[in-house]
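Below is one structure, written out as structure tokens; the observations come after it.
Just the heavy atoms: all of them, side chains too, but no hydrogens, waters or symmetry mates, feed the values below. Naming: A, B, ... by sequence-line order, numbering from 1 per chain. This is a predicted model, so every value here is computed, not measured.
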Amino acid sequence: MKRTHNCSELTAKDIGKEVVLMGWVQRRRDHGGVIFVDLRDREGITQVVFNPKFNKETHEKAHVIRNEFVLAARGTVEPRPDGMVNPKMKTGEIDVMASELWIFNMSRTPPFVIEDNTQVSESLSLQYRYLDMRRPGLQTNLMLRHKAAAAIRSYLNNLGFIDIETPFLTRSTPEGARDYLVPSRVNPGQFYALPQSPQIFKQLLMLAGFEKYYQIVRCFRDEDLRADRQPEFTQLDMEMSFVTEEDVMAVTEEMLVAVFREVLGVELEHPFKRLTYDEATGRFGLDKPDLRFALELTDVSDIVGTSEFNAFADVVKAGGLVKALNAKGCIGFSRKEIDDLTALVAIYKAKGLAWIKVRPDAWQSPIAKFFSDSEKESLRQRLDMEPDDLVFFVADQPKVVNEALGQLRSHLAEKLKLIKEDTYDFVWVTQFPLVEYDEEGKRYIAMHHPFTAPLEEDLSRLSQDPLTVRSRAYDLVLNGIEIGGGSIRNHQRTVQERVFEALNIDRDTYEKKFGFLLEALDFGAPPHGGIALGFDRLVMLMAKQTSIRDVIAFPKTQKAACLLTEAPCEASATQLEDLSLRVRPTKK
RNA sequence: GGGGACGUAGUUCAGUUUGGUUAGAACGCCGGCCUGUCACGCCGGAGGUCGCGAGUUCGAGUCUCGUCGUCCCCGCCA
């Protein structure tokens with residue numbers, strides 16, 4: 001017995017053929033006489049009919065069939081009787097009239113119905129992920145993931161990129177996310193780390209002369225999870241020699257255009273938009289702006305900084321900012337709605353949310369009385385305030401103002417349904433600051449990573465005024481979600497050392513931690529740069545999902561557990577002994 | 001580390017505000033009937049440690065505290 005067709009391909013043109021189908025029972029309808037079975041495989045569903053008039057013995061056998069049984073049916077493709085065609089099904093013109101039935105396996109009643117439209121708690125679906133993945137939605141997502149990976153590989157292969165694997169058992173890197181550590185049995189007391197990214201290795205591959213490298217590779221970060229963050233995730237990692245930012249961005253962009261065309265049949269608008277980091281945070285508040293809608297932030301510090309309203313004036317005097325967001329036509333927002341928005345900005349550390357409702361005759365606002373007529377006129381002009389508008393203000397340090405209003409902006413867009421669905425809006429954000437100040441550690445840390453090259457024209461300020469130094473780093477943002485980032489790297493030892501020093505890493509330390517890289521740079525390092533794209537996030541957006549768990553076959557829960565295999569779990573005494581490890585009792 | 005939501009038949013939920021008789025519905029499941037259904041139909045039935053543990057009370061699904069789990073968010077994620 002050999003399968004002849006899948007469950008989606010038989011149509012009227014196949015009438016009369018003898019076929020063998022194999023698959024799972026989606027649903028059984030037993031009419032006492034005739035029994036209908038919807039047989040499902042990964043391609044689709046075909047109705048198999050067991051009719052006692054046609055084959056009594058097979059019909060008898062079919063009585064035991066239940067949902068999710070796995071079976072094979074041999075039969076003849078027949079047209080449906082008049083008026084019985086099911087236009088909703090691809091195979092709705094035909095039946096397979098069964099002459100023989102093999103039951104490969106029975107099935108327990110599944111804990112949930114295998115259908116897209118049934119809601120199941122995520123813990124249950126993860127515990128039975130193999131059943132969850134029988135549902136068409138996840139099947140489609142994972143097939144789309146495969147197609148995207150295949151399209152990427154084929155595109156990059158054609159451009160001469162070389163796929164090279166890098167190690168998973170690597171040296172722990174001190175900066176950045178927490179590492180997953182792996183104890184070394186043969187080196188008691190010593191540990192490998194799982195890579196957060198193959199960053200250093202891909203740079204070494206450039207030094208080795210491969211010129212164009214890529215890898216679709218698993219990365220590991222021991223940090224808390226989110227809807228778009230898993231402890232192990234997949235990135236498309238690329239690196240190129242003899243390139244500038246423009247080259248890396250062009251290759252990435254053209255690749256994505258090709259992938260979206262091939263996988264989704266979508267023609268992306270390109271070249272992608274560009275914003276510098278300062279423009280992005282200035283106009284949209286965030287370094288990952290969603291440009292599917294307008295709604296920009298406006299700086300009004302100069303107007304209100306000298307006003308009678310101390311809450312604004314004091315902030316401006318202290319070097320802060322006052323920015324505004326004009327919610328056009330939102331004058332109808334209730335007190336509660338405004339309170340909710342105030343609570344929203346409070347999450348991002350804003351101490352308050354001031355507002356003005358523009359009525360045709362006057363402004364309704366707790367703060368309007370503090371402004372002079374000329375200040376009001378300036379605000380009106382700057383913010384294009386028209387009757388029915390509702391304008392929000394946040395005053396604080398720039399980071400807080402931008403973050404809070406940026407989040408408010410996205411929230412309002414969703415609330416007001418300003419977002420054009422079904423669009424893919426890409427934007428490059430360039431010239432990120434090289435470093436930022438870490439309040440907790442009281443020092444400068446690399447915003448991207450310490451191998452990022454500073455902009456040549458800012459290099460002279462590196463030691464005196466590192467915060468003003470822009471870098472040759474770029475992020476790729478899709479619909480407000482960061483899907484990738486990269487940079488041109490330091491290929492000259494002297495520049496790399498200056499960056500380390502700007503980060504307050506002393507010579508002894510960086511020699512010890514990155515000496516191998518610095519030494520490598522001494523041996524003819526070519527200029528190089530690259531990018532890493534979050535493959536899970538990219539596929540998530542292509543599949544129109546909101547969590548990367550929906551495009552990962554076996555994702556972990558928020559506590560980084562696999563509910564199916566019950567990982568992580570305790571190690572046996574023997575394992576610990578082999579590894580020279582002792583586990584401290586967990587503290588209560 | 002912090003904030004929030006949720007946890008009740010196999011599943012998805014109602015019931016919790018205001019404690020009170022035997023904890024309900026739909027789907028699923030089991031049995032019977034049914035030869036054209038495709039969310040098949042009709043009849044009947046089984047199925048519950050109300051996440052877990054304390055406490056308050058004459059009495060707790062309902063109130064309190066703790067705990068476990070899942071999700072969303074802040075911190076964190078070079």
I'd like to know if the side chain of [X] reaches the main chain of [Y], judged simply by a donor and an acceptor atom lying under 3.5 Å from each other, with no hydrogens or angles considered.
{"X": "A:Q196", "Y": "A:A177", "answer": "yes"}
{"X": "A:R66", "Y": "A:T109", "answer": "no"}
{"X": "A:R537", "Y": "A:D228", "answer": "yes"}

Grab the [atom1]-[atom2] distance between [X] and [N] for me, whole Å please.
{"X": "A:D228", "N": "B:C74", "atom1": "CG", "atom2": "C1'", "result": "14 Å"}
{"X": "A:Q127", "N": "B:C71", "atom1": "CD", "atom2": "P", "result": "13 Å"}
{"X": "A:H449", "N": "B:C77", "atom1": "NE2", "atom2": "C1'", "result": "15 Å"}

Counting only side-chain heavy atoms from C-beta out, which of [options] sits nearest to [X]?
{"X": "A:V120", "options": "B:C38, B:G36, B:U11", "result": "B:U11"}
{"X": "A:P81", "options": "B:C34, B:G36, B:A39", "result": "B:G36"}
{"X": "A:M84", "options": "B:G10, B:U70, B:U37", "result": "B:U37"}
{"X": "A:E223", "options": "B:U37, B:C73, B:C76", "result": "B:C76"}
{"X": "A:K88", "options": "B:G28, B:A39, B:C73", "result": "B:A39"}
{"X": "A:K559", "options": "B:G69, B:G36, B:C30", "result": "B:G69"}
{"X": "A:D95", "options": "B:U37, B:G28, B:C76", "result": "B:U37"}

Can you list the residues that meet the salt bridge (Lys or Arg N to Asp or Glu O under 4.0 Å) rule with A:E337, with sequence neighbours excluded?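 Here the qualifying residues are A:K415.
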Please identify each residue that fulfils salt bridge (Lys or Arg N to Asp or Glu O under 4.0 Å) with A:D116, with sequence neighbours left out.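 Counting only residues at least two positions away or on another chain, A:D116 forms no salt bridge (Lys or Arg N to Asp or Glu O under 4.0 Å).
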When you measure only distances, ignoring hydrogens and angles, does the side chain of [X] come within 3.5 Å of the base of [N] through a donor and an acceptor?
{"X": "A:R229", "N": "B:C76", "value": "yes"}
{"X": "A:D224", "N": "B:C77", "value": "no"}
{"X": "A:N67", "N": "B:G28", "value": "no"}
{"X": "A:R80", "N": "B:C38", "value": "yes"}

For [N] and [M], measure between their [atom1] atoms and round to the nearest Å.
{"N": "B:A9", "M": "B:C50", "atom1": "P", "result": "9 Å"}
{"N": "B:G15", "M": "B:U35", "atom1": "C1'", "result": "44 Å"}
{"N": "B:G59", "M": "B:A23", "atom1": "C1'", "result": "16 Å"}
{"N": "B:C58", "M": "B:G75", "atom1": "P", "result": "49 Å"}
{"N": "B:U21", "M": "B:U62", "atom1": "P", "result": "14 Å"}
{"N": "B:A5", "M": "B:C63", "atom1": "P", "result": "13 Å"}

Look through every strand shown and name the nucleotide pairing with [N] as Watson-Crick or G-U wobble, where both distances are under 3.5 Å.
{"N": "B:G59", "result": "none"}
{"N": "B:C13", "result": "B:G24"}
{"N": "B:C65", "result": "B:G53"}
{"N": "B:U70", "result": "B:A5"}
{"N": "B:G36", "result": "none"}
{"N": "B:G31", "result": "B:C43"}

Describe the nucleic acid contact of [X] in one word from base, sugar-phosphate, nothing, applying a heavy-atom distance below 4.0 Å.
{"X": "A:Q119", "value": "sugar-phosphate"}
{"X": "A:K53", "value": "base"}
{"X": "A:E122", "value": "sugar-phosphate"}
{"X": "A:R108", "value": "nothing"}
{"X": "A:L563", "value": "sugar-phosphate"}
{"X": "A:R66", "value": "sugar-phosphate"}
{"X": "A:F451", "value": "nothing"}
{"X": "A:T452", "value": "nothing"}
{"X": "A:M447", "value": "sugar-phosphate"}
{"X": "A:R27", "value": "sugar-phosphate"}
{"X": "A:L124", "value": "sugar-phosphate"}
{"X": "A:P111", "value": "sugar-phosphate"}
{"X": "A:F112", "value": "nothing"}
{"X": "A:D222", "value": "nothing"}

Between [X] and [Y], does any side-chain N to carboxylate O distance fall below 4.0 Å?
{"X": "A:D179", "Y": "A:R221", "answer": "no"}
{"X": "A:K61", "Y": "A:E100", "answer": "no"}
{"X": "A:R507", "Y": "A:E497", "answer": "yes"}
{"X": "A:D438", "Y": "A:K442", "answer": "no"}

Quick one: is A:S121 getting a side-chain N or O under 4.0 Å of the B:U12 phosphate, OP1 or OP2?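 Answer yes for this pair, as a side-chain N or O of A:S121 is under 4.0 Å from OP1 or OP2.
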Is the phosphate of B:C74, meaning OP1 or OP2, less than 4.0 Å from a side-chain N or O of A:R226?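 Answer is yes, contact under 4.0 Å.
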Is_stacked (A:H31, B:C34) at 5.5 Å, 30 deg: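 No; by the centre-distance and plane-angle rule, A:H31 does not count as stacking on B:C34.
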